[in-house]
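Atoms within a ligand are numbered from 1 in the order they appear, just like the ligands themselves. Numbers here are sequence positions counted from 1.
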Amino acid sequence: MSDSNNIDYGPLQPLIGTWNGDKGKDVAPEPDGVENNPYYETIIFSGVEDYVTNAEEQVLAAVHYRQVVKRKSNDIVFHDETGYWMWDASGGIIMHSLNIPRAVSLLAGGNHNGQAESDGSMVLEVSADQNSQDWQIIQSPFMRDNARTTNFKHKIVIANDVLSYSETTMVDIYGSEFEHTDNNELRRQ
Ligand code: HEM
């Protein structure tokens with residue numbers, strides 16, 4: 001898919017394309033402590049070819065993405081994620097829906113005025129919380145009871161065909177709250 005229908009993707013426009021990065025750092029929970037996983041990945045963002053209209057009132061521009069992450073140590077996929085980024089121009093809101101095959105999904109949100117920073121970079125920042133009325137986390141009964149995601153924060157900065165992100169997922173697991181973090185720097189293909 002492309003942005004061929006003259007959709008105004010606003011702050012999501014710089015995402016569209018194929019990105020590769022091999023500087024990934026994952027910090028993940030283990031029963032006896034912490035697992036550090038260097039990784040590389042490809043993320044493909046493609047513009048949804050028409051606006052989405054909700055209740056004949058809200059108009060969203062949307063970008064679909066697929067993220068495939070491989071461990072450097074064995075080249076095996078250890079994280080697979082898909083979802084959408086959405087922009088509500090008149091509400092000044094960006095939203096990020098995320099699904100992972102652990103039976104965890106969420107809808108994170110944040111404010112955005114549609115403008116780039118003064119240095120030309122675009123910053124996208126969203127969060128979700130188990131207690132939020134607006135930006136919520138959905139998980140299976142097993143995950144809720146054994147590895148509950150309680151909070152999620154994600155920041156992307158795109159500048160000069162370099163996309164950097166950092167995300168923090170708080171996971172209640174093995175009897176305590178674990179700060180599960182992921183960050184990487186990707187280049188446009
Ligand atoms: C680049 C992104 C990510 C990578 C590379 C990654 C990788 C990992 C790894 C290695 C584990 C340890 C368990 C295992 O070895 O399978 C883990 C656990 C977990 N991850 Fe992620 N993760 C990422 C993003 C996320 C996101 C976005 C969420 C949810 C919003 C999430 C939720 C969880 C949960 C709930 C667990 C605990 C399950 C368990 O350890 O048994 N992760 N992740």
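Looking at atom 4 (C) of ligand 1, its nearest protein heavy atom turns out to be D182 OD1, 3.3 Å. The single protein non-hydrogen atom nearest to atom 28 (C) of ligand 1 is I100 CD1, 3.6 Å, given as residue, atom name and distance. The nearest protein atom to atom 12 (C) of ligand 1, hydrogens excluded, is given as A28 CB, 3.6 Å; this is a heavy-atom distance. Among protein heavy atoms, the minimum distance from atom 43 (N) of ligand 1 is reached at H180 NE2, 2.9 Å. Shortest contact from atom 6 (C) of ligand 1 to any protein heavy atom: D26 OD1, 3.5 Å. Looking from atom 16 (O) of ligand 1 to the surrounding protein, the closest heavy atom is R102 NH2, 3.0 Å. The protein non-hydrogen atom at the shortest distance from atom 39 (C) of ligand 1 is I173 CD1, 3.7 Å.
Residue-environment remark: NZ (K25) stays at or below the threshold of 12 foreign heavy atoms within 6.0 Å.
For ligand 1, the atoms closer than 4.0 angstrom to any heavy atom of N37 are 10 (C). Ligand 1 places these atoms under 4.0 Å from at least one heavy atom of Y39: 1 (C). The distance from ligand 1 to the heavy atoms of P29 drops below 4.0 Å at these ligand atoms: 12 (C), 18 (C), 40 (O). Listed by number with element, the atoms of ligand 1 under 4.0 Å from a non-hydrogen atom of T149 are 35 (C). Listed by number with element, the atoms of ligand 1 under 4.0 angstrom from any heavy atom of F152 are 27 (C), 30 (C). Set against the non-hydrogen atoms of L106, the atoms of ligand 1 under 4.0 Å away are 30 (C). Close approach of ligand 1 to E35 is summarised as follows: ligand atoms under 4.0 Å from at least one heavy atom of the residue are 10 (C), 15 (O).
Note on ring orientation: taking the six-membered ring where Trp is involved, the planes of H96 and F152 are tilted (angle from 30° to 60°).
Between R66 and D80 a salt bridge is recorded (basic side-chain N to carboxylate O distance below 4.0 Å). A salt bridge between E35 and R71 is present, with a side-chain N of the basic residue lying under 4.0 Å from a carboxylate O of the acidic one. Comment: D161 engages R188 in a salt bridge, judged by a side-chain N to carboxylate O separation of less than 4.0 angstrom.
Within the 2.8 Å limit, H79 places no N, O or S atom next to atom 21 (Fe) of ligand 1.
Remark: the backbone N or O of E125 is not paired with any side-chain donor or acceptor of H154 at under 3.5 angstrom. No side-chain donor-acceptor contact under 3.5 Å links Y84 to the backbone of L98. Looking only at distances, no side-chain donor or acceptor of S90 sits under 3.5 Å from a matching main-chain atom of V59. No donor-acceptor distance shorter than 3.5 angstrom exists from the side chain of Y39 to the backbone of D182, with no hydrogens or angles considered. Between the side chain of N184 and the backbone N or O of K23 there is at least one donor-acceptor pair closer than 3.5 Å.
Residue-level proximity to ligand 1 for M143 is carried by the side chain, the only part with a heavy atom below 4.0 angstrom.
Ligand 1 lies within reach of Y165, whose nearest heavy atom is under 4.0 Å from it. Judged by the shortest distance from any of its heavy atoms, E30 lies outside the 4.0 Å radius around the atoms of ligand 1.
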